[in-house]
Amino acid sequence: MSGLNGVLPVDKPSGPTSHDVVATARRALKLRRIGHTGTLDPFASGLLLLCLGPATRIAEYLTSLDKSYAATVRLGIATDTDDHTGEPVSVSEGWRELTEGQVREALEAQTGTILQTPPAYSAKKVAGERMYAAARRGEVVERTPVSVTIHSIRITRFELPELDLEIDCGSGTYIRAIARDLGEALGVGAHLTALRRTRVGRFEVGSALAMEALGDEQAVRAALLAPAEALSHLPAVTLNEVETSAVLHGRAVAAPESVPSTGPLVLLSGQRELVAVAERSGAKIRPRKVFA
């Protein structure tokens, strides 16, 4: 498929890795330049944003978007991976004595901006290596807690030892760690048995393309988001023809007073096409990434 340039929302099924989805898309679309904007664990399903062609250059502005998940937690069993793919490390029947109020209180303690320890089996890098690689060799890697923001955790099903959750959180949050920490707080252990990403920023999984439809050119083009549309969460400035020409040549233009002083900006042509991603510098807007 020629001329593809934009962001393609894909509904990843449970099983393949995020890299597998990218590899499948490269073969189906006959396009080499494809990247994703946030890894999903193999057992997880849901929304994966693929950047195609020149739009691979905007991936960094999508990775930090807030996300939503639907998750199922099993209390009473802790595993070494914090999900159902791992080996049990502890088993407890203590969940039988728990009340919904106790569980809600433990979940509430995890909301807000907190320090969260990444799972041992995670893609986070330590000394240049993915943590899961060292864990698979049986090595113990020092895990440094990182600051994450969890906006809300809602219980949608309470049938112990299982419960279903809906979670809204910032980028970098590990849902497996929420399950693990819930089990530890309740003293019974816990792990994740199902996970589905339902939202990234304003993009919903309901409008995503099924992975098996990647070979359907009409469906792909219908689902493909133009780069400017994919970046609609950023402040935008529409340029006139003279300003557009200047920016395309890498030159700064005057900044309207309404333009924020920090953070990335989207510069659009009169036809609402992406011209550049830029930043304000005093009274000027300076392009950082220019798109022909």
Side-chain angles (χ1 to χ4, degrees), residues 12-15 17-18 38-47 66-124 130-132 135-136 141 143-200 205:
K12 183 188 100 63
S14 178
T17 66
S18 299
T39 301
L40 273 174
D41 290 328
F43 82 92
S45 67
L47 185 57
D66 285 354
K67 299 170 178 66
S68 294
Y69 295 89
T72 299
V73 177
R74 205 293 189 182
L75 296 174
I77 302 174
T79 70
D80 56 1
T81 60
D82 302 326
D83 62 48
H84 69 87
T85 67
E87 296 296 323
V89 294
S90 69
V91 178
S92 169
E93 293 295 311
W95 59 268
R96 296 182 184 277
E97 310 300 324
L98 294 173
T99 66
E100 186 171 349
Q102 289 173 310
V103 176
R104 288 186 182 277
E105 185 178 355
L107 289 171
E108 182 65 26
Q110 290 197 61
T111 59
T113 299
I114 64 170
L115 288 177
Q116 184 186 73
T117 301
Y121 287 81
S122 72
K124 190 175 182 64
R130 303 288 184 186
M131 289 176 62
Y132 61 71
R136 287 170 182 165
V141 178
R143 294 177 286 161
T144 303
V146 297
S147 178
V148 300
T149 300
I150 301 173
H151 302 296
S152 66
I153 306 175
R154 299 175 296 280
I155 298 176
T156 57
R157 180 176 67 96
F158 189 81
E159 297 177 3
L160 296 187
E162 286 192 342
L163 60 150
D164 291 343
L165 305 175
E166 288 182 351
I167 300 166
D168 296 327
C169 59
S171 181
T173 303
Y174 284 95
I175 309 303
R176 284 181 289 147
I178 293 177
R180 176 202 66 208
D181 293 346
L182 173 63
E184 290 180 357
L186 295 171
V188 300
H191 68 279
L192 210 59
T193 62
L195 180 64
R196 181 166 175 77
R197 184 191 285 162
T198 57
R199 180 185 65 89
V200 176
V205 72

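Please read all numbers here as calculations on a predicted model, not as lab measurements.
Smallest separation of non-hydrogen atoms from Pro13 and Ser45: C-CB, 4.0 Å. Looking at every heavy atom in both residues, Leu160 comes nearest to Leu98 through CD1-O, 3.9 Å. In terms of heavy atoms, Pro88 sits closest to Ile77 at CB-CG2, 4.1 Å. Closest of all the heavy-atom pairs between Leu47 and Val200 is CD2-N, 3.6 Å. His191 and Ala179 make their closest contact through C-CB, 4.0 Å (heavy atoms, listed as atom of the first residue, atom of the second, distance).
Judged by distance alone, with hydrogens and angles left aside, the side-chain atoms of Arg197 form no donor-acceptor pair with the main-chain N or O of Lys67 at under 3.5 Å. Under a 3.5 Å cut-off, the side chain of Thr81 and the backbone N or O of Gly86 do form a donor-acceptor pair. No side-chain donor-acceptor contact under 3.5 Å links Arg157 to the backbone of Glu162. Listed for the Lys12 side chain is a donor-acceptor partner under 3.5 Å among the backbone atoms of Pro42. With hydrogens and angles disregarded, a donor-acceptor distance shorter than 3.5 Å links the side chain of Gln116 to the backbone of Tyr174. The closest donor-acceptor contact from the side chain of Gln110 to the backbone of Ile178 lies under 3.5 Å.
Within the structure, the ring pair (Phe, Tyr, Trp, His ring centres under 6.0 Å) test picks out the following pairs touching residues 74-119 (sequence neighbours left out): Phe43-His84.
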Practice item. Tell me, with the steps shown, if Asp164 and Glu159 meet side-chain contact (heavy atoms from CB on, under 4.5 Å). Key: CA-CA 9 Å; Asp164 291 343; Glu159 297 177 3; over 6 Å; no

Practice item. Give the intermediate values and the outcome of salt bridge (charged side-chain N to carboxylate O under 4.0 Å, His left out) for residues Asp168 and Arg154. Key: CA-CA 9 Å; Asp168 296 327; Arg154 299 175 296 280; 3.2 Å; yes

Practice item. Output, in order, the C-alpha distance, side-chain angles, deciding distance and verdict of side-chain contact (heavy atoms from CB on, under 4.5 Å) for Ile155 and Leu165. Key: CA-CA 5 Å; Ile155 298 176; Leu165 305 175; 3.8 Å; yes

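Between Glu166 atom CD and Thr198 atom OG1 the span is 7.0 Å, to the nearest 0.5 Å.
The environment of Glu105 atom CD is sparse: at most 12 non-hydrogen atoms of other residues, nucleotides or ligands sit within 6.0 angstrom. Shown here is Glu93, whose CD atom has more than 12 heavy atoms of other residues, nucleotides or ligands within 6.0 Å.
Side-chain contact between Leu75 and Leu182: present, with at least one pair of heavy atoms (C-beta onward) separated by less than 4.5 Å.
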